[in-house]
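Note that these values count all heavy atoms, side chains included, but never hydrogens, waters or copies made by symmetry. Residue numbers begin at 1 in each chain, while the letters A, B, ... track the order of the sequences.
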2 protein chains.
Amino acid sequence: MSKRPKISPKQPIAERSGPDAPAGLNQIPLLQILSAQDRQKVLGEMTETRYGKGEYIFREGDPTEYFHIVKEGSVKCVKSSLDGKECTLKVLMPGDLFCCDASAFDGASHPGTAQPMGDVSVLRMKKEAYFKMLRANPDAAMEVIRYLGNRLNEAQEKAKVLALDRADQRLASLLVNLAERSGIKDPNGIRVTVRLTRQDMANMVGVTTETAIRIMARFKKDRLVTGTAARLVIRDLPKLKLLAST
Amino acid sequence: MSKRPKISPKQPIAERSGPDAPAGLNQIPLLQILSAQDRQKVLGEMTETRYGKGEYIFREGDPTEYFHIVKEGSVKCVKSSLDGKECTLKVLMPGDLFCCDASAFDGASHPGTAQPMGDVSVLRMKKEAYFKMLRANPDAAMEVIRYLGNRLNEAQEKAKVLALDRADQRLASLLVNLAERSGIKDPNGIRVTVRLTRQDMANMVGVTTETAIRIMARFKKDRLVTGTAARLVIRDLPKLKLLAST
DNA sequence: TTCAAAACATGACTATTGTCATGTTTTATT
DNA sequence: AATAAAACATGACAATAGTCATGTTTTGAA
């Protein structure tokens with residue numbers, strides 16, 4: 001894993017070449033939908049930026065100027081309350097779009113903060129070029145509508161879980177989601193590739209760090225999970241699913 | 001106010017006439033965006049349906065076939081947990097779209113239930129016609145993207161409030177939203193036109209009915225609000241705003 | 001390798017909210 | 001106007017999760 005860059009190098013995508021550049025871009029449905037010609041044009045208008053831990057892609061309240069796509073790594077969307085408590089709304093992974101809705105650009109500012117989790121690479125495009133692209137490509141517009149609809153359903157499901165479930169059920173739901181969205185096979189079960197501390201998990205399900213630690217300790221004792229941030233493994237997905245919905 | 005219809009009369013919009021029909025349709029931004037010609041075509045493909053209290057527009061798990069617009073009245077979007085607890089995600093008002101995202105149609109079923117709150121009138125359109133319309137009208141597609149983006153921001157703000165705030169703060173937030181979204185001037189403050197029982201409010205902020213009643217009683221004692229469902233009046237919006245964000 | 005910082009852990013106590021029981025008031029319908 | 005159902009209300013108690021304090025372990029950078 002590379003070290004955190006002190007500066008964030010920017011470069012036009014069109015200048016990039018080499019065998020792995022197209023491979024990363026293959027993971028992005030919105031770009032796959034475009035014709036080769038349109039894709040080249042869009043890539044010419046996009047800029048790639050790398051960020052490291054501790055940096056910000058943008059912060060709550062900043063003016064909104066760009067449309068973004070996650071290319072590599074994960075990005076967390078965070079909102080804060082006045083008294084310093086934080087809530088992580090969503091972990092974005094490669095292919096995820098953000099600030100992809102026109103509402104974000106009605107002269108408004110960012111409703112939340114986007115923070116890299118480790119080293120990430122993000123593609124950006126001026127909003128004007130983005131809107132032009134959507135108007136010219138009904139397929140792309142439909143893909144954005146589909147994507148936003150999925151995000152909305154996810155957000156509402158999350159609201160439901162926060163409104164109705166106990167802390168241990170919310171954590172179980174989170175672990176099930178993580179297993180499905182970022183899990184890879186492991187001798188002992190499913191390994192979660194996103195690196196999440198107990199504090200990160202706490203912020204994702206609306207509990208204190210202590211509560212997250214206590215519940216995870218109980219899950220470990222009950223052989224549902226093992227390990228911490230660096231190597232979190234789901235050992236019993238069915239039982240977690242059951243707990244999440246009981 | 002008309003009585004609850006025992007059956008839900010359906011009629012093609014094109015057949016409707018009279019002075020008030022266009023007035024109702026003026027409140028719908030998505031239709032306003034279309035050219036007069038396209039609007040006529042779309043209206044010809046839409047059906048108006050009336051529903052009364054106790055009926056369902058659709059239920060969680062039903063197959064998704066139509067795109068919907070609220071024309072009159074309010075509609076609540078509800079999700080239930082296995083043990084019978086309910087969560088109201090959103091109250092839709094005239095002009096609001098639902099099932100407007102392609103993801104809703106990927107052979108999927110409704111993620112939640114849509115229930116009328118009193119008498120409502122809803123416009124519906126087969127998904128195929130809807131998608132065709134969006135592809136043919138970039139302005140309409142952009143409007144749906146804008147709309148979905150707003151809904152997503154709202155849902156995430158709601159998740160944040162559920163994750164971080166106490167019950168009384170969540171209720172205060174709800175009252176502030178209601179005042180802004182459905183409030184009209186009243187001698188004593190701002191009257192909320194949507195009819196919400198304490199139980200409805202409880203379901204909207206993820207607390208029990210008893211807790212909602214107790215907190216509303218405290219708000220009444222502190223002269224922040226008066227009245228119940230039939231006539232709920234916000235008396236001190238600034239103090240409620242303060243409470244919501246403290 | 002060392003060392004500081006971050007993450008993990010646990011106990012004692014408190015605050016908040018839920019649960020259950022019961023009773024009153026309001027609302028809508030006959 | 002009568003009446004049943006729904007909504008509103010309140011108390012006693014229980015469960016859940018937060019707070020604060022303290023200590024250990026792990027991680028990452030020099």
Side-chain angles (χ1 to χ4, degrees), chain A residues 1-6 52-54 81 83-87 117-119 161-172 174 192 194-221 225-232 243 246, chain B residues 1-6 52-54 81 83-87 117-119 161-172 192 194-221 225-233 243 246:
Chain A
M1 193 163 293
S2 70
K3 294 193 65 172
R4 168 186 166 183
K6 291 304 173 202
K53 207 164 71 170
S81 67
D83 52 327
K85 284 183 292 187
E86 283 196 350
C87 164
M117 306 174 72
D119 291 352
V161 167
L162 286 167
L164 299 180
D165 294 349
R166 281 194 319 271
D168 57 342
Q169 298 176 299
R170 302 209 293 271
L171 249 166
L174 172 64
V192 175
V194 189
R195 194 193 157 98
L196 292 174
T197 66
R198 304 295 196 240
Q199 168 146 224
D200 290 327
M201 296 187 217
N203 287 344
M204 294 176 82
V205 300
V207 298
T208 59
T209 305
E210 293 93 330
T211 295
I213 287 173
R214 279 186 250 258
I215 291 172
M216 287 299 288
R218 218 163 70 215
F219 286 176
K220 182 177 254 170
K221 184 172 70 65
V225 298
T226 50
T228 57
R231 187 176 183 78
L232 177 63
L243 175 58
T246 302
Chain B
M1 195 162 288
S2 71
K3 295 193 60 171
R4 168 186 165 184
K6 290 305 174 203
K53 206 165 75 172
S81 67
D83 53 329
K85 284 182 291 189
E86 283 195 351
C87 165
M117 306 174 73
D119 292 352
V161 167
L162 286 166
L164 299 181
D165 294 349
R166 281 193 322 270
D168 57 341
Q169 297 177 300
R170 303 209 293 270
L171 250 167
V192 175
V194 189
R195 195 195 155 97
L196 292 174
T197 66
R198 304 295 196 241
Q199 167 147 224
D200 290 327
M201 297 185 217
N203 287 343
M204 293 176 83
V205 301
V207 297
T208 59
T209 305
E210 293 93 330
T211 295
I213 287 173
R214 278 187 250 257
I215 292 172
M216 287 299 287
R218 218 163 70 213
F219 286 176
K220 182 178 256 172
K221 183 172 72 64
V225 300
T226 51
T228 57
R231 187 176 182 78
L232 177 63
V233 177
L243 175 57
T246 304

Rounded to the nearest 0.5 angstrom, the CG-NZ distance for B/D119 and B/K53 is 9.5 Å
Once base and sugar-phosphate atoms are separated, protein heavy atoms under 4.0 Å mark nucleotides 3-16 of chain D, 5' to 3', with B, S and - as ----SBBBBB----
B/D165 atom CG is separated from D/dA17 atom P, nearest whole Å, by 17 Å
(message) Classify A/G227 by what it touches in the nucleic acid, base, sugar-phosphate, or nothing, heavy-atom distance under 4.0 Å.
(response) nothing
Between NZ of A/K53 and C1' of D/dA29 the distance, given in whole Å, is 11 Å
Residues pairing under salt bridge (charged side-chain N to carboxylate O under 4.0 Å, His left out) where one sits in residues 201-211 of chain A, two or more places apart or in two chains, turn out to be none
Sequence neighbours excluded, the answer for side chain to side chain donor-acceptor pair (under 3.5 Å) partners of B/T211 is B/T208
Across all chains, not counting sequence neighbours, the side chain to side chain donor-acceptor pair (under 3.5 Å) partners of B/S81 are B/D83
So CD1 of A/I215 and NZ of A/K220: to nearest 0.5 Å the spacing works out to 15.0 Å
Separation of C/dG18 atom P from B/E86 atom CD, nearest Å, is 16 Å
Could you tabulate the donor-acceptor pairs under 3.5 Å formed by side-chain atoms of residues 196-204 of chain B, not counting sequence neighbours?
from, atom 1, to, atom 2, distance (Å)
B/T197, OG1, B/Q199, N, 3.3
B/T197, OG1, B/D200, N, 3.1
B/T197, OG1, B/D200, OD2, 3.2
B/R198, NH2, B/G227, O, 3.4
B/D200, OD1, B/K76, NZ, 3.4
B/D200, OD2, B/T197, N, 2.9

Do any side-chain atoms of residues 162-172 of chain A form donor-acceptor pairs under 3.5 angstrom with protein atoms, and if so which ones, sequence neighbours left out?
from, atom 1, to, atom 2, distance (Å)
A/R166, NE, A/D168, OD1, 3.1
A/R166, NH2, A/D168, OD1, 3.4
A/R166, NH2, A/D168, OD2, 3.2
A/D168, OD2, A/R218, NH2, 3.4
A/Q169, OE1, A/R166, N, 2.9
A/Q169, NE2, A/T246, O, 2.2
A/R170, NE, A/V205, O, 2.7
A/R170, NH1, A/D165, O, 2.9
A/R170, NH2, A/V205, O, 3.2
A/R170, NH2, A/G206, O, 3.1

B/Q169 CD to D/dG18 C1', in whole Å, measures 14 Å
Per-helix bend value, the helix from C/dT1-D/dA30 to C/dT30-D/dA1, C1' rotation axes over five pairs per end, 10° rounding, shows 60°
Can you find a side chain N or O atom of A/T211 that sits less than 4.0 Å from OP1 or OP2 on D/dG18? yes
Residues at least two apart in sequence or cross-chain that pass salt bridge (Lys or Arg N to Asp or Glu O under 4.0 Å) with B/R231, listed by chain then number, are B/D186
